[in-house]
Novice: 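Have a look at the structure that comes next, please.
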Protein chains: 4
Amino acid sequence: MVQVPREVDKHARIIEAATKIFSQKGYFHSKIADVAEAAGVAEGTIYLYFKSKEDLLISIFEHSMDKFIHEGKKELSKFSSPEEKFKRFVHFHLSLVQENQNLSHVIQLELRQSSKFMKEYKADKFFDYLRVVEEIIEEGQKSGVFSLKINPKIIRRAIFGAVDEMALEWVLMKEKKYTLEKCADQLCEMFLNGMKANPQGSA
Amino acid sequence: MVQVPREVDKHARIIEAATKIFSQKGYFHSKIADVAEAAGVAEGTIYLYFKSKEDLLISIFEHSMDKFIHEGKKELSKFSSPEEKFKRFVHFHLSLVQENQNLSHVIQLELRQSSKFMKEYKADKFFDYLRVVEEIIEEGQKSGVFSLKINPKIIRRAIFGAVDEMALEWVLMKEKKYTLEKCADQLCEMFLNGMKANPQGSA
Amino acid sequence: MVQVPREVDKHARIIEAATKIFSQKGYFHSKIADVAEAAGVAEGTIYLYFKSKEDLLISIFEHSMDKFIHEGKKELSKFSSPEEKFKRFVHFHLSLVQENQNLSHVIQLELRQSSKFMKEYKADKFFDYLRVVEEIIEEGQKSGVFSLKINPKIIRRAIFGAVDEMALEWVLMKEKKYTLEKCADQLCEMFLNGMKANPQGSA
Amino acid sequence: MVQVPREVDKHARIIEAATKIFSQKGYFHSKIADVAEAAGVAEGTIYLYFKSKEDLLISIFEHSMDKFIHEGKKELSKFSSPEEKFKRFVHFHLSLVQENQNLSHVIQLELRQSSKFMKEYKADKFFDYLRVVEEIIEEGQKSGVFSLKINPKIIRRAIFGAVDEMALEWVLMKEKKYTLEKCADQLCEMFLNGMKANPQGSA
DNA sequence: GATGAATGAGCATTCATTCAT
DNA sequence: AATGAATGAATGCTCATTCAT
């Protein structure tokens, strides 16, 4: 009576297939029929699990973000120094991208084609993610290692932009010229220096 | 009796109309008929100037990048210190975005929906733009103000990502919570500190 | 503690539910799922009792016509004068419509959307119904109260059309401007006069 | 330079084709592709002239009713006696049906499948038509040939129902057992007798 | 018998592109 | 060059029907 998942949960299989197809062909050029075939289900079945093609796209994002934010926070909680946390954050983000290239592609490029997402959803889960960065910065400011001149609400987005653009470039790069590890090191070096508090204060 | 340019170059009028329409509705949701109406020409006329809808999208990018790279270089040539050049670059980019919000929207969001652009074109004009940043960094490294640890090819992209993400956030922000000037200052402060060469070595 | 029939015959329950749903939404806009829900059964169950959606539609008709023809004949048998029978027929038909508005709606409007019904079935049960009228007319002609000029096969249909159209109008009328009784009286007055045999010949 | 309609007006051609297809297959079973092919145009062309399939169905009705009401009034105006007008009305209606069987089929059977029509449109043009009958009755009542007991608003509908049902039966009849002329005569005989004013009045 | 998840054929509608004028 | 009516390929979604449980 062992519970063997005879066939993987259809919901998950469709999400997975859609991620692959969308990242390969682009959202608008992907057909529901393509996704259905890749998931090994009938077209109609997709509509038993998702309201529409757009809903499917947005679900890909939501499905993963919950998991990543949870894992990210868990990962960061292992470290106490804000600098160390920051390093872990950057490495974590880039390693996620490396391990989930299709998913990254969909979130970074395809998701923005959903006006529904751009208008309504983005806020929620995405800002949860940004808030993680913000909290690291604020923690560093309180403990005196990051400069108080830094506006966490502005810089958090700059950091996200930098890290994400690196990830995007890397994902799109056909012949990888350097490892994501190398990128992470460069980014940390620059951002940590850039946010560092001046020992005696400066003009 | 305001002097309206009676018959502005149709090519430019179509580019202008397409930029507006694409940024408002998104590339895939924009119809050639919409663009034609906004440009005050017949649908068929668009095909006298552009091979296809995708060609029109890419043309928007090429049309503007030439101009911006040219203007940018001219602007930067007024300054000699790499730090000053860097500041001008950041301000210049952000002010361009501010003054051409529709265009920015199209380049940042819609353009990526063209697989042709993502695969073929991006390199050319976009890398010209990135090279401007790269050159500033290299110049700073040569003159000893920027750390040699910085890999210009990596960091140029991080900087672009950060600046562009700030611009994107600002464009999408409905109630502007801060000026782009403020953003520019924060970014410069952080990046210049981050890239600064350590006089006596680092920790 | 009202005595609700705990498990009414499913066949009847589905017919009843379908009648309601079809009359509300129209046959083509009604989904089997709607009917199943209204009947409190699973979708698949419907196919245990009916071959197809169309079969269900036609069954509604057959189910009721048997009953109505039987009741109608019984009702009419109480009267011996053809004129009285005619009046009873008109009142009976209109009162049936009044008491079974959903059913009337389905028979008058939705049933005609079944090509199968229009081509094959209509004859049987519907002509049984028409024959009732025909027989009244013929009886009246034999007994000399109805004119021999009347062609019972033609006029029976005209009478049916008139009575049914009145019923339809009345069913669709939102604010009832007059009672069906009033209609019945008007119809009888006119038809009986119209069919009356002229004692000394006609003008 | 003679203006020869090189190809008949597409709008009319589509209406004509749709009438034929709808009457043959029924509205819901007809595909836009069928209509397009019958009209000798591309599918998309239909949408240049009609908003939707339903709009096309309703247009068939409107297109013809204007013409028929106009022609009908013109025809009736040739006669002055209400009785004669009534006869002409019945003959006119039945002859229209005979000459436009496909159209009649669509108006009598298919049109009712449009909820839009049933809810919104029917009133307008259809009541124009009914009003013609009503006016004949009222005129007859004023001139004393029709009984004042007749309620024109009720009987007009009964007459319409009778005439229309006859027409429907005739249209659907495969082997015509009698001419529509014969029907018309029977109907007139009965209705005129039925509405006739009693010389000295009756109980 | 009863269920309801799964199926997949079917179709109205859109819209980039063409081409006769 | 300019037009815009006409085209027709393309596809998201629905829903009657089936069938493994």
Side-chain angles (χ1 to χ4, degrees), chain A residues 6-7 9-11 14 27-37 39-57, chain B residues 7 10-11 14 27-37 39-57, chain C residues 7 10-11 14 27-37 39-57, chain D residues 6-7 10-11 13-14 27-37 39-57:
Chain A
R6 182 166 300 275
E7 67 174 324
D9 175 42
K10 283 211 175 70
H11 187 274
I14 294 168
Y27 173 69
F28 276 102
H29 293 117
S30 299
K31 296 174 232 159
I32 285 293
D34 297 335
V35 176
E37 194 189 355
V41 299
E43 288 175 52
T45 306
I46 291 181
Y47 291 88
L48 295 177
Y49 293 90
F50 304 92
K51 276 208 298 286
S52 64
K53 191 183 172 192
E54 188 173 18
D55 181 44
L56 175 53
L57 174 62
Chain B
E7 173 63 30
K10 282 213 175 75
H11 187 276
I14 295 168
Y27 174 69
F28 273 101
H29 292 117
S30 297
K31 299 169 209 163
I32 286 292
D34 296 335
V35 175
E37 195 190 354
V41 301
E43 290 172 54
T45 305
I46 291 181
Y47 289 86
L48 295 177
Y49 293 90
F50 303 93
K51 274 212 304 287
S52 65
K53 192 184 174 190
E54 188 172 19
D55 180 44
L56 175 54
L57 175 62
Chain C
E7 173 64 31
K10 282 213 176 75
H11 187 275
I14 294 169
Y27 174 68
F28 274 101
H29 292 117
S30 298
K31 300 169 208 163
I32 286 293
D34 296 335
V35 176
E37 195 191 355
V41 299
E43 290 173 54
T45 305
I46 291 181
Y47 288 86
L48 297 177
Y49 294 89
F50 303 92
K51 273 210 306 286
S52 65
K53 192 185 174 189
E54 188 171 18
D55 180 44
L56 175 53
L57 174 62
Chain D
R6 184 167 297 277
E7 64 175 326
K10 284 211 175 70
H11 186 275
R13 261 175 40 209
I14 295 168
Y27 173 69
F28 275 102
H29 293 117
S30 299
K31 296 174 231 158
I32 286 293
D34 297 334
V35 176
E37 195 189 353
V41 299
E43 289 175 51
T45 304
I46 291 180
Y47 290 88
L48 294 177
Y49 293 91
F50 304 93
K51 276 209 298 286
S52 64
K53 191 184 173 191
E54 189 173 18
D55 181 43
L56 175 54
L57 175 61

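We name chains A, B, ... by the order of the sequence lines, and we start the count at 1 in each one.
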Novice: Which nucleotide, E:dA5, F:dC13, E:dT13, lies nearest any side-chain atom of A:K53?
Specialist: F:dC13

Novice: Ignoring hydrogens, what is the shortest heavy-atom contact between A:K53 and A:I32? Give both atom names and the distance.
Specialist: CG-CD1, 3.8 Å

Novice: Starting from the 5' end of DNA chain E, give me the residue, B:F28 or A:Y49, whose nearest nucleotide shows up first.
Specialist: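 The residue mapped nearer the 5' terminus is A:Y49.
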
Novice: E:dA16 phosphate, OP1 or OP2: any side-chain N/O from B:K31 under 4.0 angstrom?
Specialist: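 For E:dA16, OP1/OP2 do not have a side-chain N/O of B:K31 under 4.0 Å.
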
Novice: Nearest to the side chain of C:A42 - E:dT3, E:dA16, F:dC13?
Specialist: E:dT3

Novice: Pick the closest DNA chain F nucleotide for B:E43 and for C:Y27 by heavy atoms, then say which residue is nearer the 5' end.
Specialist: B:E43

Novice: Going by the angle between their ring planes, with limits at 30° and 60°, are B:Y49 and B:H11 parallel, tilted or perpendicular?
Specialist: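 The rings of B:Y49 and B:H11 stand perpendicular, inter-plane angle above 60°.
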
Novice: Can you measure C:I14 atom CD1 to E:dG1 atom P for me and round it to whole angstrom units?
Specialist: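 Whole-Å distance recorded here is 11 Å.
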
Novice: Please verify the inter-ring angle class for C:F28 with D:H29; under 30° counts as parallel, over 60° as perpendicular, anything in between as tilted.
Specialist: perpendicular

Novice: Looking only at heavy atoms, which two atoms of C:F50 and C:I14 are closest? And how far apart?
Specialist: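 In this case the closest contact between C:F50 and C:I14 is CE1-CG2, 3.5 Å.
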
Novice: Taking atom P of F:dA2 as reference, at what distance in whole Å does atom CZ of B:F50 sit?
Specialist: 12 Å

Novice: Whole-Å distance between F:dG12 P and A:D55 CG?
Specialist: 14 Å

Novice: In this structure, how many angstroms lie between the P atom of F:dT11 and the CD atom of A:E54, rounded?
Specialist: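 These atoms are roughly 18 Å apart.
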
Novice: Name the residue closer to the 5' end of DNA chain E, choosing between C:G40 and B:H29 according to the nucleotide with the nearest heavy atom.
Specialist: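 Taking each residue's closest nucleotide, the earlier one in sequence belongs to C:G40.
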
Novice: Atom CD1 of A:I32 to atom C1' of F:dG12: distance rounded to whole Å?
Specialist: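 Roughly 7 Å, once rounded to whole Å.
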
Novice: Between F:dT17, F:dT3, E:dA6, which nucleotide has the shortest distance from any of its atoms to the side chain of A:T45?
Specialist: E:dA6

Novice: Both atom distances under 3.5 Å, Watson-Crick or G-U wobble: I'd like the secondary structure of DNA chain F as a dot-bracket string, with | for pairs made across strands.
Specialist: .||||||||||||||||||||

Novice: What is the distance from NE2 of A:H11 to C1' of E:dA5, rounded to the nearest Å?
Specialist: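 To the nearest whole Å, that distance equals 15 Å.
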
Novice: What's the OH-P distance between B:Y47 and F:dA6, to the nearest Å?
Specialist: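 Result: 18 Å.
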
Novice: With rounding to the nearest 0.5 Å, note down the distance linking CD1 in A:I46 to NZ in A:K51.
Specialist: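 Answer rounded to 0.5 Å: 15.5 Å.
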
Novice: Rounded to the nearest angstrom, tell me the gap between atom CG in B:L48 and atom C1' in F:dT3.
Specialist: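 Spelled out: CG on B:L48 to C1' on F:dT3 is 9 Å.
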
Novice: Can you tell me which nucleotide in E:dG1, E:dA5, F:dT17 comes closest to the side chain of C:S52?
Specialist: F:dT17

